[in-house]
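When reading the values below, keep in mind they use all heavy atoms of this one structure, side chains included, and skip hydrogens, waters and symmetry mates. Quick note on labels: first sequence line is chain A, next is B, and so on, each numbered from 1.
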There are 2 protein chains.
Amino acid sequence: MQSRTPASRPGRPRSAAADTAILAATREALVELGWSKLTLGDVATRAGVAKTTLYRRWAGKNELVVDAVAELFDELELPDRGSLAADIEGVVLQFAAILARPEAKSGLMAVVAESTRDDALRERIRASIVDRQMRLVLAGRARAQRRGELPPEPDPAEAARTGDLIFDVVAGAVVHRTLVSGKPADEDWVRSFTRVLLLGLTGTS
Amino acid sequence: MQSRTPASRPGRPRSAAADTAILAATREALVELGWSKLTLGDVATRAGVAKTTLYRRWAGKNELVVDAVAELFDELELPDRGSLAADIEGVVLQFAAILARPEAKSGLMAVVAESTRDDALRERIRASIVDRQMRLVLAGRARAQRRGELPPEPDPAEAARTGDLIFDVVAGAVVHRTLVSGKPADEDWVRSFTRVLLLGLTGTS
DNA sequence: AGCTTTCGCTACGACCCGTAGCGTAATGCC
DNA sequence: GGCATTACGCTACGGGTCGTAGCGAAAGCT
C-alpha cells in the first residue's frame, strides 16, 4: 500500500484521516448527486479538505470513485454454510446487498464505462474490486471440490477458463438484475439462480 | 413513433436527415472521444447542425446516447438454427459482436449508470434497448417449448420469473465478460456458456 | 398571401476543471 | 534547536462546457 513511501520520507506525512474523510465524502456525494453531478470541489468541501489536497492524491474523478467504491466490497467474504448451494447463495446475497446501495449503483457502472477507454483505470478496477470477487469464486470452487460436490479439474488452463466463466455468469447476472432490469436480487431470485447455476455445473441438483 | 405529430402539424417539419446525421455523429464521437469527453457542441458540429437544433430534440446527453446506441441493436434477430443450443449460440454471438464495438461499450454502460438515478431514462433504455433483447429470449424459449427441448410452463407468473432469470443470466454474463473482465466473448466462450446454461435449464445436455 | 414551426447563428451567465502561487504546519535529520 | 523537505489550506486564474435567449430566414400548411 505504501509503495510510494519507501520507508519514511522526509517532510510532513500525508494525513491518513484526510484519506478516509475524502473517500467517505465521495460516497456521500455519490448517494446525493450521482456520478455525473459529482464534482471534486464539492467532495473536497464535504471532507473539510482543500481541493488541491484531493488532486495531490488522485489523478481525477475516475480514480477517486474507484477507491471509494472499492471499500464497499471489503465486507465480502466466503461463509461456510456446509454445502456449495448454500455457499453460493450466501455470497451472492452479500454481493447483491452491496450492489443495492445507491453509491455502488451509480459509481461502479460509471467507472466501468470509463474503463473501456482507459487501460490504467481498468487495471485499477481489476486490482481493487474484481480480483477480490474472483478469489471468492475460486475459493468456493476449491472447497466444493474438496467436498466432492464439484469434479476435480486436472488441466489448469481448463480450470482457469471454467473459473472465468462462473465468475462472469454470477457477477454478470446479479449486476444485470440489479442495474439493468432494476429488480431486487432477493432471496427468491438468488435461490432460483443458484439452482440453475448448480445444475449447469454438475448436471445434478 | 410520431405520437408528437398527431397527423401533420402546421409549420416547417423537422428534418429527418438531421436526426440520422446527429445519431451517426454521436456514435462517431463515442468512438473517438468516449462518453465523458463527448460534448453536445462537438456532436452538433460533426453532424453539420446547430447546437440549438440538438437541444430541441433531445433533453440532454443521456437521451441522445440512448437513441444512438439503440440503433446498434436493430440488427439483432433470432435465427432458426434447428436446435435450442444453436439458437442460443447464434443470438449470443450477435449480442457479443454488438457489445464489442467501442461505441456500444463506452455508451451503453454509461447511460445505464446514469439511469440508476433517473427513472425516465431507465424507462427509455428499457423501451428502446432492453425490451428488444427480452423478446428474443421469450421467442427462443417458446420455440424450444414447441420443439420439446424445454418443458412447458403452465403458470404464467412462474414463466415470467424464469424468463427474467434467463435474460439476466445471458445478457449479464456477456456484458460482464466483455466490459468487466475485458475478454472477448468468442465462439469458444459462447459454446461453454451455452452448455452450462442449457444444462442448468434442462438437466440434460 | 398569412400562419406556424424549424433552423442556423451569435451571445450570454453559470459552472466546473485543473493548476499555480503563496504562506503555514508537521515531520526527519544534523 | 535549526534546517530541509514535504503536506496543507487558501485564493485566483484561464479554459472549456453547459443550457438558454434572441434574432432573421427558410419551409411547410391552408
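- You'll find that the side chain of B/T52 is closest to C/dC9, out of C/dC9, D/dC18, C/dT27.
- A 4.5 Å side-chain heavy-atom check between B/F73 and B/V130 finds every atom pair outside the cut-off.
- One can place CZ of B/R57 at 16 Å from P of D/dT20, the figure rounded to the nearest angstrom.
- Evaluation of atom-type donor-acceptor distances gives no pair under 3.5 Å for the side chain of A/S15 against the base of D/dC8.
- Atom CG in A/L54 sits about 10 Å away from atom P in C/dC17, given to the nearest Å.
- Straight-line distance from the OH atom of A/Y55 to the C1' atom of C/dG18: 5 Å, rounded to whole Å.
- D/dC18 atom P lies 16 Å from atom CH2 of B/W58, rounded to whole Å.
- Counting only heavy atoms from C-beta outward, the side chains of B/F193 and A/D168 never approach each other to under 4.5 Å.
- Summarising the geometry, the separation between CG on A/L38 and P on C/dC15 is reported as 17 Å, rounded to the nearest angstrom.
- Note on ring orientation: taking the six-membered ring where Trp is involved, the planes of B/H176 and A/F167 are perpendicular (angle over 60°, cut-offs 30° and 60°).
- Between B/K51 and B/G11, it is B/K51 whose nearest contact on DNA chain D lies nearer the 5' terminus.
- A close approach under 4.0 Å does not occur between any side-chain nitrogen or oxygen of A/R14 and OP1 or OP2 of C/dT27.
- Look at CG on A/L64: it is 12 Å from P on C/dG18, rounded to the nearest Å.
- Listed candidates were C/dC7, D/dT11, D/dC18. Nearest to the side chain of B/T53 is C/dC7.
- Salt bridge present: A/R46 and A/D42 bring a charged side-chain N and a carboxylate O closer than 4.0 Å.
- No hydrogens or angles were tested; on distance alone, nothing pairs the side chain of A/R56 with the base of D/dA7 as donor and acceptor under 3.5 Å.
- When side chains are defined from C-beta on, A/R27 counts as touching A/L72, because their heavy atoms get closer than 4.5 Å.
- Contact of A/T39 with C/dC17 (side chain to base): no donor-acceptor pair of N or O atoms is detected under 3.5 Å.
- On a pure distance criterion of 3.5 Å, a polar donor-acceptor pair joins the side chain of B/R12 and the base of C/dT6.
- Rounded to whole angstrom, the span from the CG atom of B/D42 across to the P atom of D/dG16 amounts to 13 Å.
- Remark: C1' of C/dT6 and CD1 of B/I22 are 12 Å apart, rounded to the nearest angstrom.
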